[in-house]
Novice: 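Below is one structure. I have some questions about it.
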Protein chains: 2
Amino acid sequence: MKLTNKRKKALEEYIAKKRLKSTRQRNIIFSEFFSYPGHHVTVEELYERVKKLSPKIGYATIYRTLKLFKECDLAFERNFGDGRTRFEPVKFEGEHHDHLICIACGKITEFENQRIEHYSREVASKNNFEVINHKVELYGYCSSCRRNK
Amino acid sequence: MKLTNKRKKALEEYIAKKRLKSTRQRNIIFSEFFSYPGHHVTVEELYERVKKLSPKIGYATIYRTLKLFKECDLAFERNFGDGRTRFEPVKFEGEHHDHLICIACGKITEFENQRIEHYSREVASKNNFEVINHKVELYGYCSSCRRNK
DNA sequence: ATTCATGCAAAATGTTTGCAGCTGT
DNA sequence: ACAGCTGCAAACATTTTGCATGAAT
């Protein structure tokens, strides 16, 4: 089953369970959010994109819908320290996505590393902790911004 | 040399280098920040603590001083997704401090894991990236909040 | 018919800035 | 004396909320 469909299904189940409603706005935000080309979209970026399809939409709906996605573990909130909150799709099994963040120029490089994953899971299970998402973020100076190259 | 002294020295050197000034407020904030019992203090918590020692202090000074600490790589900004920015001392060599964060009750459990450290450093060096700080954060449900125990 | 969602505007929250006066060098 | 710092208040940015209307069940 395709990822998007899995997600759609998860959302629909949550909506049914909680007796919420499926609306045009939620569907638009869903498709824009999960098809966003870069990961970690800001609220403003998402708002602008959605506005093109549904010009009367307000920020409140974006916020409320992202909150809904968070509640059903489909979206995840991040903050890289530049003051703008970003959201990204929660990864399903087998997807990885960690970050190197340059504190000088703000460049974000993604990487994945199975071993880090592995030991993270080990720590979690020792603590009887059920992991929904994880972050590995390394902050520092990227190759262009290093002080002593 | 004690950690606090190392930090004090780092700050003094930065102040000297940049021709800044050592002030009563900065010293108070320094000692409150680095002696804060929990890690990751919020701006508000720090403000309240400092206010007891220096009642006329304003939020602006706290913000400006934390920014100063960030500039000299003594403090680090975090955000666990609850809307409040938190700051913590940057760890020196040999200190580790990663997190399990419960998305239901907000409980934060610290852990350290040398292997995660190790592989993180490896990824960084492959990317010619100079790491100043890192985060490993696992988000999910703690043992008390797990849905299926 | 009922319950929930939306859009708008207002309010709340968190953070930054301008400036006059004060302090450290 | 000078440059930088502080405290205050105002400005700003982001997020949340109240409410009347509209849409989905």
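Just so you know, these numbers use all the heavy atoms, side chains as well, and skip hydrogens, waters and symmetry mates. Everything quoted here is computed from the prediction, not taken from an experiment. Residue numbers begin at 1 in each chain, while the letters A, B, ... track the order of the sequences.
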Novice: What are the two closest heavy atoms between A:I116 and B:I116, and how far apart are they?
Specialist: CG2-CG2, 4.2 Å
Novice: Against the six-membered ring of B:F30, is B:K8 placed for a cation-pi contact (under 6.0 Å from the centre, within 45° of the normal)?
Specialist: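 Geometry flag: set, cation within 6.0 Å and 45°.
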Novice: Just checking A:R64: base, sugar-phosphate only, or nothing, at a heavy-atom cut-off of under 4.0 Å?
Specialist: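 Base, at least one base atom sits under 4.0 Å.
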Novice: Where the side chain of B:R84 is concerned, which of C:dG14, D:dT15, C:dC8 is the nearest nucleotide?
Specialist: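 Minimum distance to the B:R84 side chain belongs to C:dG14.
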Novice: So, are B:E122 and A:R115 salt-bridged, with charged N and O less than 4.0 Å apart?
Specialist: yes
Novice: Please give, in whole Å, the distance from C:dA5 C1' to A:F30 CZ?
Specialist: 18 Å
Novice: Measure from OH on B:Y59 to P on C:dG14 and round the result to the nearest Å.
Specialist: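 Value for this atom pair: 8 Å.
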Novice: Taking NZ, NE, NH1 and NH2 as the nitrogens, is one of them in A:R78 or A:E137 under 4.0 Å from a carboxylate oxygen of the other?
Specialist: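 Here A:R78 pairs with A:E137 in a salt bridge, since their nearest N and O are under 4.0 Å apart.
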Novice: For A:E44 and for B:K51, locate the closest nucleotide of DNA chain D by heavy-atom distance; then report the residue assigned to the nucleotide nearer the 5' terminus.
Specialist: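 The residue whose closest nucleotide sits nearer the 5' end is B:K51.
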Novice: Is the distance from OP1 or OP2 of C:dT15 to the nearest side-chain N or O of B:Y63 less than 4.0 Å?
Specialist: yes
Novice: Find which nucleotide of DNA chain C each of B:T85 and A:L20 is nearest to by heavy atoms, and output the residue with the more 5' nucleotide.
Specialist: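 Taking each residue's closest nucleotide, the earlier one in sequence belongs to A:L20.
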Novice: Check the distance between D:dA3's P and B:R19's CZ and give it to me in whole angstrom.
Specialist: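 It is 13 Å, rounded to the nearest whole Å.
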Novice: Nearest-Å distance, CD (B:E71) to P (D:dC5)?
Specialist: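 These atoms are roughly 10 Å apart.
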Novice: Under 4.0 Å between a Lys/Arg side-chain N and an Asp/Glu carboxylate O for B:E71 and B:K18?
Specialist: no
Novice: For the pair made of CZ in A:F69 and P in C:dA5, what is the distance, rounded to whole Å?
Specialist: 13 Å
Novice: Write down the distance between NZ (B:K67) and C1' (C:dT17), rounded to a whole number of angstrom.
Specialist: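 In whole Å, C:dT17 C1' lies 10 Å from B:K67 NZ.
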Novice: Applying the side chain to side chain donor-acceptor pair (under 3.5 Å) test to B:H40, which of B:E88, B:E110, B:E77 qualifies?
Specialist: B:E110
Novice: Could you give the NZ-to-C1' distance, from A:K18 to C:dT3, as a whole number of Å?
Specialist: 16 Å
Novice: Tell me, which of residues 21-29 of chain B have any heavy atom that sits under 4.0 Å from an atom in DNA chain D?
Specialist: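 Nucleic-acid contacts, sorted: B:K21, B:T23, B:Q25, B:R26.
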Novice: Expressed in angstrom and rounded to an integer, what is the separation of B:I57 atom CD1 from D:dC5 atom C1'?
Specialist: 11 Å
Novice: List the atom of A:R86, the atom of A:T42, and the distance in Å for their closest heavy-atom pair.
Specialist: CG-CG2, 3.8 Å
